[in-house]
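Bear in mind that the values here come from a model prediction, so they are computed numbers and not experimental data. We name chains A, B, ... by the order of the sequence lines, and we start the count at 1 in each one.
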Number of protein chains: 2
Amino acid sequence: MQRPNPFDAQCPTRKVLDRIGDKWAVLILILLEHETLRFNELRRRIEAISQKMLSQTLKSLERDGLIRREAFPTVPVTVEYSLTELGRTLAVTVDSLRIWAETHIGTVEAAQRRYDRGAGPDLAETASR
Amino acid sequence: MQRPNPFDAQCPTRKVLDRIGDKWAVLILILLEHETLRFNELRRRIEAISQKMLSQTLKSLERDGLIRREAFPTVPVTVEYSLTELGRTLAVTVDSLRIWAETHIGTVEAAQRRYDRGAGPDLAETASR
DNA sequence: CGGCATCCTGGTGGATACTG
DNA sequence: CAGTATCCACCAGGATGCCG
């Protein structure tokens, strides 16, 4: 079988990458990694997410088999979201991104300030050829 | 110092996460992980990216200190892009995402088909409380 | 509580043309 | 070759209102 090529726009692997590209999805995966949460609990935890985006993101994560949705017929209704086994493996991987971000945020911000200060940071770039 | 909280919209860590959320950025990092490339080479490799998005993405990656841009005064001008040390560490992390995607794409697609088939996949969801 | 339907806007990104 | 500049269409996503 041929190796998936994420640089091809049609590649299914690219679709997965796009899904991860969704920042809300990433945050939800990280949150659910350690506990089961209800809809409004998620809403409160993720500052500034609209309920539209939350419900939309939850639905596609469920469709992808990454999270499990359980509804309990209480009044009012109670709905719990948790990771599936598959989701758990992705959450671990994604969490390493969060860790990278937390670790290197300082370096990145310093680079940004340097870049913003001088339009031409390094003059060594005019090497001969 | 207080732990960065990516669920707070203002958190700088979230900004990094958002950057990774950019699918083009991810693809560029992966491409540059193993070789230095010129502008139009990148353009050819990443199917369907517009030159606007490419140049825009390259610029912000450079600003973040993740890639290095070197221009050579040949005619016509030659520009090479490569990863910085910082960029290399991120590329490694991001690459694990690509691997996850390639590994589990089959499972995800199966889950999607199951979900799309029956609107109510599992009936066990009506547990008592 | 946990959503869905509708409406509406701003900003993302494509297409095109031009330049050093 | 490696971009920048301009214009513009589209739709992601916020706001609001309603419902089981």
Given atom [atom1] of [X] and atom [atom2] of [N], what is their separation to the nearest angstrom?
X	N	atom1	atom2	value
A/Leu58	C/dG3	CG	P	7 Å
A/Leu37	C/dG2	CG	C1'	15 Å
A/Phe39	C/dG2	CZ	C1'	6 Å
A/Leu42	C/dG3	CG	P	10 Å
B/Lys59	D/dA5	NZ	C1'	11 Å
A/Phe72	D/dG20	CZ	C1'	18 Å
A/Ile67	C/dG2	CD1	P	14 Å
A/Lys23	D/dG14	NZ	C1'	12 Å

Tell me the bend of the helix from C/dC1-D/dG20 to C/dG20-D/dC1 as the angle between end helix axes, each from five pairs, rounded to the nearest 10 degrees. 60°
Please give me the minimum heavy-atom distance between [X] and [Y], naming the atom from each residue.
X	Y	answer
A/Arg38	A/Glu80	CD-CG, 4.3 Å
B/Gly65	B/Thr84	O-OG1, 2.7 Å
A/Trp24	A/Ala48	CH2-O, 4.2 Å
B/Gly87	B/Leu29	O-CD2, 4.5 Å
B/Glu33	B/Ala91	OE1-O, 3.9 Å
A/Tyr81	A/Ile67	CD2-CD1, 3.9 Å

Let me see the working for A/Thr89 and B/Thr103 under side chain to side chain contact (heavy atoms under 4.5 Å, CB included), right down to the final yes or no. CA-CA 11 Å; A/Thr89 67; B/Thr103 306; over 6 Å; no
Begin from the C-alpha positions of A/Val26 and A/Leu97 and carry the test side chain to side chain contact (heavy atoms under 4.5 Å, CB included) through to its verdict. CA-CA 10 Å; A/Val26 169; A/Leu97 277 182; 6.0 Å; no
Sugar-phosphate atoms are those with a prime plus P, OP1 and OP2; base atoms are the rest. Using that split, label each nucleotide of nucleotides 6-20 of chain C B, S or - for protein heavy atoms under 4.0 Å, 5' to 3'. -------BB-BB--B
Below 4.0 angstrom from OP1 or OP2 of [N], is there any side-chain N or O of [X]?
X	N	result
A/Arg38	C/dG3	no
A/Ser55	C/dC4	yes
A/Tyr81	C/dG3	yes
B/Arg43	D/dC1	no

Pair B/Arg98 + B/Glu102: basic N to acidic O under 4.0 Å: yes
